[in-house]
Trainee: 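This is the structure I want to talk about, given as structure tokens.
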Amino acid sequence: MTIRLYDTSARQIRDFAPLTPGCVSIYLCGATVQAAPHIGHIRSGLNFDIMRRWFAYRGYEVTFIRNVTDIDDKIITKAAEQKRPWWSIGYENERAFNDGYTALGCLPPTYEPRATGHVTEMVEMMQGLIERGHAYESDGNVYFDVRSFPGYLELSRQELDNLLQPSGDGETGKRDPRDFAMWKSAKPGEPTWSTPWGPGRPGWHLECSAMAHKYLGTAFDIHGGGLDLIFPHHENEIAQAKAYGDDFARYWVHNAWVTMAGDKMSKSLGNSVLVSEMVKQWRPIVLRYYLGTPHYRSMIEYSEDALREAESAFARIEGFVQRVVEKAGPVEPSAEVPPAFAEAMDDDLGVPQALAVVHTTVRQGNSALAADDKEAAVARLAEVRAMLGVLGLDPLDEHWAGETDRGDDLHGVVDSLVRLVLDQREAARARKDWATADAIRDQLGQSGLTIEDGPQGPRWTLGPR
């Protein structure tokens, strides 16, 4: 089946047809590194990590670009507030973003270019746009003339006469208030680069147009980002790139937000939940399950209860994996995922429907274990591992090995203590003192331990909180 994606520019799901057979090129608007990432930031990285993994599973060679915006108004403002160099702010937060992506199992991009490393390409693009009559210089600023480009606003479907273009300080000399800045003239205390129009710094939109052109050429397959980037950022990217002569992106894919009390999670609203804090409270693989398994176009309303539900759901999957491995030893993933899983993923990355196939397979595997059908249990685990691998959620993958290893030093001590209590429970059962046996089990359950009685005796696991 052909992979199908919802294309924002077409407002419909379209069959994916790559520019180059067997290859797919993806540009994702990455971090603006004025602050450490919250879970809303990382959700975008997760959604496109799953997209990338699915294309790779389907046999495509994937080129995945995720940029870093390391200079913009917000970074300069933060530097002034904190009395620190702008590059120090950017580098610190770039590392925090990469730590967050890595913690939640995102594969590294093919290339991760920084805006400040591509000023030469930006100057070349501006020169070309000025020569073609699509841009002009004024007071050391360079602006894009939106009326010169007939296709402007086709992505966001706004009316030009009603447009309110966001503008920053110092954007003087515009011919039309709706024109947007590609280059901003130097202001005291700000970082600058030399250009034919005097010293200054790049505008946000120009950075991505220039970097996409450098790394993916005049045309590429998919441009991604959050819904909030459709306007002005992506609209202005399109105008610059196409007016320059590029065909640019053929599909536009946008992920929804993480919200809190109905509002988009953001630093400015003071309602953000930092990834660095979340990974101290929740296992990163559970956070990935929570953020990565809703459909990428669905809003996620943040709550502790929702996280606990995700933890419980993943614990059921993980418990099955562990039980089969204990019974049968290591099991390799299947070469192919079940057809129903593949059908769901091909249909606009339908992760919720694909996850339902995972849980159905887990239930079948648990039934096989209960029937002592080792062969069937192993077969179901192989399928489960193949599906979880596509979602980046296979607990046996080496990336997540550290999660289980972190408690190894204490696991032996805890196991010894729990075994002493379980021995007391077994002794109570042997003398048919069911009240005491049940009381011990209930007390262990209140401590967060799940006790399962099997042919080889009782087995304990750490249950969801």
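Along the sequence shown, residues are numbered consecutively beginning with 1. Scope of the values below: all heavy atoms of this structure, side chains included, with no hydrogens, waters or symmetry mates. Remember, predicted model here, so these are calculated numbers, not experimental data.
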Trainee: About how many Å separate CG of N93 and CD1 of I75, when rounded to the nearest 0.5 Å?
Mentor: 8.0 Å
Trainee: Between E301 and T259, is a side chain to side chain donor-acceptor pair (under 3.5 Å) present by the stated rule, with each step listed?
Mentor: CA-CA 5 Å; E301 175 68 14; T259 60; 2.5 Å; yes
Trainee: Is the closest basic N to carboxylate O distance between K242 and D247 below 4.0 Å?
Mentor: no
Trainee: Suppose we screen for side chain to side chain contact (heavy atoms under 4.5 Å, CB included). Which residues come up paired with S167, at least two apart in sequence or across chains?
Mentor: E171, K174
Trainee: Do K74 and D72 sit within salt-bridge range, that is, some charged N less than 4.0 Å from a carboxylate O?
Mentor: no
Trainee: Between D394 and L396, is there a donor-acceptor pair closer than 3.5 Å when you use the side chain of the first and the backbone of the second?
Mentor: yes
Trainee: Can a donor-acceptor pair be found, under 3.5 Å and without considering hydrogens, that links the side chain of R288 to the backbone of A103?
Mentor: no
Trainee: Centre of Y143's six-membered ring, under 6.0 Å away, within 45 degrees of the axis: is that where NZ or CZ of R175 sits?
Mentor: no
Trainee: Where does the angle between the aromatic ring planes of F180 and F144 fall among parallel (under 30°), tilted (30 to 60°) and perpendicular (over 60°)?
Mentor: parallel
Trainee: Under a 3.5 Å cutoff, is there a donor and acceptor pairing between the side chains of R323 and N366?
Mentor: yes
Trainee: Check whether T110 reaches the backbone of F64 with its side chain - one donor and one acceptor, N or O, closer than 3.5 Å.
Mentor: yes
Trainee: Does a donor on one side chain and an acceptor on the other come within less than 3.5 Å for T172 and D139?
Mentor: yes
Trainee: Quick one: closest heavy-atom pair of D161 and R178, and the distance?
Mentor: CA-NH1, 3.4 Å
Trainee: Would you please classify the geometry between the F341 ring and the W54 ring as parallel, tilted or perpendicular, with 30° and 60° separating the classes?
Mentor: perpendicular
Trainee: Under a 3.5 Å cutoff, is there a donor and acceptor pairing between the side chains of S303 and D305?
Mentor: no
Trainee: Please lay out, stage by stage, how E237 and H223 fare under the test side chain to side chain contact (heavy atoms under 4.5 Å, CB included).
Mentor: CA-CA 11 Å; E237 276 189 69; H223 196 311; 2.8 Å; yes
Trainee: Could you give all pairs that pass the ring-ring contact (aromatic ring centres under 6.0 Å, His included) test and reach residues 302-324, with sequence neighbours left out?
Mentor: Y289-F314
Trainee: So does G30 get a backbone contact from the side chain of N67, meaning a donor-acceptor N/O pair under 3.5 Å?
Mentor: yes
Trainee: Using modelled atom types and a 3.5 Å cut-off, is there a donor and acceptor pairing between side-chain atoms of R4 and backbone atoms of D346?
Mentor: no
Trainee: Do H234 and H254 have their ring centres less than 6.0 Å from each other?
Mentor: yes
Trainee: How close do L291 and I300 get, counting heavy atoms only, and between which atoms?
Mentor: O-CD1, 3.7 Å
Trainee: Is R308 paired with E311 through a side-chain N to carboxylate O contact shorter than 4.0 Å?
Mentor: no
Trainee: Salt-bridge test for R114 and E207: reply yes if a basic N is under 4.0 Å from a carboxylate O, no otherwise.
Mentor: no
Trainee: Determine the minimum heavy-atom distance between S148 and G133, stating which atoms define it.
Mentor: CB-O, 3.8 Å
Trainee: Does E159 have more than 12 heavy atoms from other residues, nucleotides or ligands lying within 6.0 Å of its CD?
Mentor: no
Trainee: Describe, in one word, how the ring planes of H205 and H233 are oriented to each other, choosing from parallel (under 30°), tilted (30 to 60°) and perpendicular (over 60°).
Mentor: tilted
Trainee: Taking atom OH as the centre, does Y91 end up with more than 12 heavy-atom neighbours from other residues, nucleotides or ligands that are less than 6.0 angstrom away?
Mentor: no
Trainee: Heavy atoms only: give me the nearest P199-T192 pair and the separation to one decimal.
Mentor: CB-CB, 4.1 Å
Trainee: Check whether any side-chain N or O of H41 sits under 3.5 Å from a backbone N or O of H38 as a donor-acceptor pair, and report yes or no.
Mentor: yes
Trainee: One thing to verify: whether D397 and R385 come together as a salt bridge, which I'm taking to mean a side-chain N less than 4.0 angstrom from a carboxylate O.
Mentor: no
Trainee: Side chains of T2 and D15: any donor to acceptor distance under 3.5 Å?
Mentor: no
Trainee: Check the side chains of Y152 and N236 for a donor-acceptor pair under 3.5 angstrom, ignoring hydrogens and angles.
Mentor: yes
Trainee: Should I76 and I89 be marked as a side chain to side chain contact (heavy atoms under 4.5 Å, CB included) after you check the CA-CA gap, both sets of side-chain angles, and the distance that decides it?
Mentor: CA-CA 9 Å; I76 293 170; I89 299 281; over 6 Å; no
Trainee: Given the ring of F220, does R250 sit roughly above its face, with NZ or CZ under 6.0 Å from the centre of the six-membered ring and within 45° of the axis?
Mentor: no
Trainee: Without hydrogens or angle criteria, can the side chains of S156 and Q158 be said to hold a donor-acceptor pair below 3.5 Å?
Mentor: yes
Trainee: Using modelled atom types only, decide if a donor and an acceptor are shared between the side chain of D145 and the backbone of A135 within a distance under 3.5 Å.
Mentor: no
Trainee: Counting distance only, does the side-chain N/O of D179 pair as donor-acceptor with the main-chain N or O of V146 below 3.5 Å?
Mentor: yes
Trainee: Please report the closest heavy-atom contact between P191 and W86, naming both atoms and the distance.
Mentor: CB-NE1, 3.3 Å
Trainee: For the backbone of S25 and the side chain of D221, can you confirm whether one donor and one acceptor N or O come within less than 3.5 Å of each other?
Mentor: yes
Trainee: Are F16 and F55 near enough that their ring centres are under 6.0 Å apart?
Mentor: yes
Trainee: D7 and Q12: side chain to side chain contact (heavy atoms under 4.5 Å, CB included), yes or no, with the steps?
Mentor: CA-CA 6 Å; D7 180 6; Q12 64 181 356; 6.0 Å; no
Trainee: Given the rule in the side chain to side chain contact (heavy atoms under 4.5 Å, CB included) test, do R66 and Y101 qualify, once you have shown the distances and angles that lead to the verdict?
Mentor: CA-CA 12 Å; R66 186 183 67 212; Y101 291 133; 3.3 Å; yes
Trainee: Closer than 4.0 angstrom, basic N to acidic O: yes or no for D73 and K184?
Mentor: yes
Trainee: Could D49 and R53 be called an ion pair, given the rule that one side-chain N must be under 4.0 Å from one carboxylate O?
Mentor: yes
